[in-house]
Amino acid sequence: MTSVLLLIPLLPFLGFVINATIGRRWSKGVTGGLATGAMAGAFGVSVYAVWTMLGLEPAGGVRAIDQVVFTWLASDALQIPFALRLDPLAALMILVVTGIGTLIHLYSTAYMHDETAPEFARYFSYLNLFASFMLVLVLGANFPVLFIGWEGVGLCSYLLIGFYFTKPSAADAGKKAFVVNRIGDFGFILGMLLLFTTFGTLDFQQLAVKVAEMSAEPAVWAGAGVLTVATLLLFVGATGKSAQIPLFVWLPDAMEGPTPVSALIHAATMVTAGVYMIGRNAVLFSHAPFTLEVIAIIGVLTALMAGTIGLVQNDIKRVLAYSTVSQLGYMFLAMGVGAFAGGVFHLYTHAFFKALLFLGSGAVIHALHGQQDMRYMGGLKRKLPITFWTFLVGTIAIVGIPPLAGFFSKDEILWKTFSTGHPVLWGLAVLAALLTATYMFRLLYMTFYGSARWSPGASAPGDHAGAKAPALHGLHDAPPAMAIALVVLVIGSVGAGLFGVPHALGGDNRIETFLEPSFHAMSVTGDTPALAEAAVAEAEHAPEAAHADTQTELLLMFTSVMVALAGIGLATVFFLKAPQRADAMAGQFSGLHRLLLNKYYVDELYNAVFVQPIKGVSTSVLWKGVDAGIIDGSVNGVGLMVRGWSAVLRRVQTGSVRAYAMSIFLGVVTILGYFLWR
């Protein structure tokens with residue numbers, strides 16, 4: 001049974017190998033079917049593995065399947081096997097990655113159909129590789145194996161964001177994603193090295209046990225400060241992968257890739273890696289309270305900042321991108337207040353409705369022949385009924401209206417934030433929820449309601465006033481492959497939250513019960529739980545404490561729903577009933593509007609503070625000074641010196657017999673003179 005774990009990432013990897021080598025010679029139907037079949041096969045194996053895991057008896061308090069594929073690194077104290085581990089947290093993640101990944105692959109077979117056969121095969125090979133690396137990441141039993149997937153998804157994001165590499169903006173966006181993630185990964189590597197030098201292992205379970213055992217003896221718990229530094233460094237890596245302040249700037253530009261790629265990055269793979277990594281190391285982070293405070297504050301500030309930017313963006317995919325940044329902020333807020341299960345729960349529900357929203361936007365873009373500017377949309381409700389109704393469900397889900405999935409997971413985060421003694425963070429998170437409802441319904445209204453600004457000759461409002469919409473050959477709703485993916489994701493967006501119905505509403509929050517064992521230190525041998533420490537003991541009783549005041553929870557739940565409805569009301573007034581009011585406000589507060597439209601000028605700030613100085617030093621000092629001046633100068637100087645001496649020596653070898661005789665004569669006279677002088 002254990003050998004089946006390797007098969008989960010191996011199937012999409014084989015799909016990558018085949019399509020990358022010989023797939024371009026086949027028809028698009030074959031290459032697309034192969035890639036989608038590989039993902040569907042991985043999903044089937046994942047279901048079988050999870051079902052088998054659920055049938056096991058708990059060992060050390062948790063059900064898990066382990067597989068050591070081979071010994072990877074072995075050198076004295078450094079023993080690193082290529083090991084995979086399936087526990088409740090990994091089980092949820094592989095089902096999300098393979099399940100939603102399969103739907104995105106299916107959707108892509110129709111969305112990318114206009115590409116040539118070689119480009120079609122290249123696209124699907126990258127897509128398969130992306131999923132394979134993400135599966136390695138979530139199944140890895142230690143940091144180095146996780147890091148393979150961690151770097152792999154970074155590579156694939158570069159390849160897919162820059163898929164249209166002949167387009168300068170796409171190539172630049174791919175490079176930007178790659179560079180920003182390398183900055184975060186530098187901190188991540190330092191964190192791993194610090195953990196190894198402190199604890200002598202990089203295995204997740206062994207690390208958790210060692211931290212738990214050390215915390216049980218305060219006299220020997222000298223690693224607390226080191227653990228804080230190590231977890232902060234790991235969090236730096238998480239801010240890069242999951243697009244949090246200050247390393248969020250790559251994700252909005254990732255819209256340059258094909259729309260299904262955006263869905264895969266935002267919903268099922270890369271951006272969830274940071275949240276998963278913190279959940280996987282919950283014991284470590286639980287013993288670093290300062291780090292948790294930093295995570296919570298960064299999370300809620302990111303949610304607010306991204307929400308305000310999303311209010312004024314006009315590119316449909318860019319609005320959704322900032323929505324993802326904001327929702328990831330919610331997940332980090334949950335992690336920061338110790339609600340690890342709540343954060344993963346929101347990751348799970350978000351995967352459904354964010355994939356639905358991105359694929360829905362792709363259906364709109366597909367119908368409008370590549371148009372992404374919402375100012376050239378409108379009036380699409382009747383023209384694209386399948387896309388509209390599915391998009392509406394996704395919008396309601398992300399806003400947090402019951403009984404859709406987003407309501408349950410977002411309310412869980414808000415409640416845990418308030419009940420753990422963070423009322424200020426709760427208030428900021430509620431404000432972010434208001435922004436979410438406003439900008440998401442603004443997107444809905446601008447895209448599907450109002451006048452048809454996509455028709456030839458129609459004028460676009462705002463900055464494009466007077467500009468005319470491009471001519472279209474006719475609108476078409478989502479074709480069957482795309483429609484199937486949208487409908488299945490609707491089911492998930494509606495029903496996924498039912499696994500986490502809170503106690504206050506008569507549920508038993510099954511997803512929290514399912515995930516909780518993954519967040520505790522268990523015995524490596526599996527005989528008994530590891531030594532209980534105060535933080536873990538507190539976490540075990542958190543559900544009882546959190547639901548002790550049901551009345552307060554229901555009141556807060558009611559408040560969050562009212563705030564969401566208020567946001568919908570604001571969007572209805574300003575972007576449906578009287579759009580001229582929004583234009584008037586944009587003119588009245590032109591400075592603020594410009595600030596938000598230009599994303600707080602963060603890119604410009606980074607360019608002035610980091611990019612240009614580094615570029616200047618690289619050009620003037622490293623290139624012209626060190627490389628051209630010192631290195632090239634030294635090499636060229638040696639050449640010039642040899643050339644100069646050669647010119648002198650060349651005069652000696654003239655080939656003239658009389659010159660040689662004269663040289664001999666002068667030599668003899670010189671030698672005789674020397675001896676006579678002595």
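As the structure is a prediction and not an experimental result, all values here were calculated from the model.
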Original post:
To the nearest 0.5 Å, how far apart are CZ in F407 and CG in L414?
Top reply: 10.0 Å
Subject >> Side-chain donor/acceptor of T239 to backbone N/O of Q244, under 3.5 Å >> reply: no
**OP:** Establish, from distance only, whether the side-chain atoms of T387 and D477 form a donor-acceptor pair under 3.5 Å.
**Re:** yes
Original post:
Parallel under 30°, tilted from 30 to 60°, perpendicular over 60°: which one fits the rings of H350 and H346?
Top reply: tilted
Subject >> Results of ring-ring contact (aromatic ring centres under 6.0 Å, His included) for Y330 - residues two or more places apart only >> reply: none
Subject >> Flag, side chain of R453 to backbone of R375, donor-acceptor distance under 3.5 Å >> reply: yes
Original post:
Can you tell me if K176 uses its side chain to pair, donor with acceptor, with the backbone of A254 under 3.5 Å?
Top reply: no
Original post:
What's the spacing between T31 OG1 and E119 CD if we round to 0.5 Å?
Top reply: 11.5 Å
Original post:
With side chains defined as the heavy atoms from C-beta onward, is the minimum distance between F248 and M305 less than 4.5 Å?
Top reply: yes
**OP:** Give the minimum heavy-atom separation between T98 and M39, together with the two atoms involved.
**Re:** CA-CE, 3.7 Å
Subject >> Point-to-point distance, once rounded to the nearest 0.5 Å, from CZ of F408 to OH of Y348 >> reply: 12.0 Å
**OP:** Mind checking the CG-OG1 spacing from L347 to T272? Nearest 0.5 Å is all I need.
**Re:** 5.0 Å
Original post:
For the residue pair F147 and F143, is the inter-centroid distance of their aromatic rings smaller than 6.0 Å?
Top reply: no
Original post:
Do the side chains of Y107 and T36 get nearer than 4.5 Å, heavy atoms only?
Top reply: no
Subject >> pair L357-H266: side-chain heavy atoms closer than 4.5 Å >> reply: no
Original post:
With distance as the sole criterion, is a donor-acceptor pair present between the side chains of Y322 and R318 under 3.5 Å?
Top reply: no
Original post:
Just by distance, do the side chain of T269 and the backbone of M134 share a donor-acceptor pair under 3.5 Å?
Top reply: no
Subject >> Minimum side-chain heavy-atom gap F130-I265 below 4.5 Å >> reply: yes
**OP:** Specify the closest pair of heavy atoms between P252 and M255, including all atoms of both residues, with the distance to one decimal.
**Re:** O-CG, 3.1 Å
**OP:** Kindly give the heavy-atom pair with the smallest separation between P118 and R24, and that separation in Å.
**Re:** CA-CB, 3.7 Å
Original post:
Mind checking what makes ring-ring contact (aromatic ring centres under 6.0 Å, His included) contact with F16, not counting sequence neighbours?
Top reply: F13
Original post:
Can you tell me if S132 uses its side chain to pair, donor with acceptor, with the backbone of P9 under 3.5 Å?
Top reply: yes
**OP:** Taking the side chain as every heavy atom from C-beta outward, state whether M277 and N281 have any atom pair closer than 4.5 Å.
**Re:** yes
Original post:
What's the shortest heavy-atom distance between V393 and L404, and which atoms?
Top reply: O-CD2, 3.3 Å
Subject >> R122 to F163 six-membered ring, cation-pi geometry met (6.0 Å, 45°) >> reply: yes
Subject >> The single option from L135, I94, L86 passing side chain to side chain contact (heavy atoms under 4.5 Å, CB included) against L5 >> reply: L86
Original post:
For the atom pair CD1 (I18) and CH2 (W26), what is the distance rounded to the nearest 0.5 Å?
Top reply: 5.5 Å
Original post:
Can you name the nearest heavy-atom pair linking P258 to M112, along with the distance?
Top reply: CB-SD, 3.8 Å
Subject >> Pair T259-Y111, side-chain donor/acceptor within less than 3.5 Å >> reply: yes
**OP:** Please check if the side chain of H366 supplies one atom and the backbone of G362 the other of a donor-acceptor pair under 3.5 Å.
**Re:** no
Original post:
So, do F120 and F124 have ring centers that fall under 6.0 Å from each other?
Top reply: yes
Subject >> Donor-acceptor pair, side chain of R182 and main chain of F178, under 3.5 angstrom >> reply: yes
**OP:** Could you check if a side-chain atom of T395 sits within less than 4.5 angstrom of a side-chain atom of F353, using non-hydrogen atoms only?
**Re:** no
**OP:** Keeping the roles fixed (side chain from D87, backbone from A90), state whether a donor-acceptor pair exists under 3.5 Å.
**Re:** yes
**OP:** Please lay out, stage by stage, how S326 and T436 fare under the test side-chain contact (heavy atoms from CB on, under 4.5 Å).
**Re:** CA-CA 8 Å; S326 184; T436 300; 4.3 Å; yes
Subject >> F448 vs W389 side-chain heavy atoms within contact, under 4.5 Å >> reply: no
**OP:** Check G15 against A38 and note the closest heavy-atom contact, atom names and distance.
**Re:** CA-CB, 4.4 Å
Original post:
How about F575 and Y445: are their ring centres within less than 6.0 Å of each other?
Top reply: no
**OP:** Name the orientation class of the two ring planes belonging to F235 and F332 (parallel below 30°, tilted from 30 to 60°, perpendicular beyond 60°).
**Re:** perpendicular
**OP:** For side-chain contact (heavy atoms from CB on, under 4.5 Å), just list the numbers for L10 and L14, CA-CA rounded to whole Å, side-chain angles, deciding distance to a tenth of an Å, and then say yes or no.
**Re:** CA-CA 6 Å; L10 188 60; L14 290 175; 4.3 Å; yes
Subject >> Exam field: side chain S518 to backbone L89, donor-acceptor pair closer than 3.5 Å >> reply: yes
Subject >> L515 side chain reached by F340 side chain, heavy atoms, under 4.5 Å >> reply: no
**OP:** Mark yes or no for whether K28, through its side chain, and H113, through its backbone, hold a donor-acceptor pair below 3.5 Å.
**Re:** yes
Subject >> D373/K317 salt bridge by N-O under 4.0 Å criterion >> reply: no
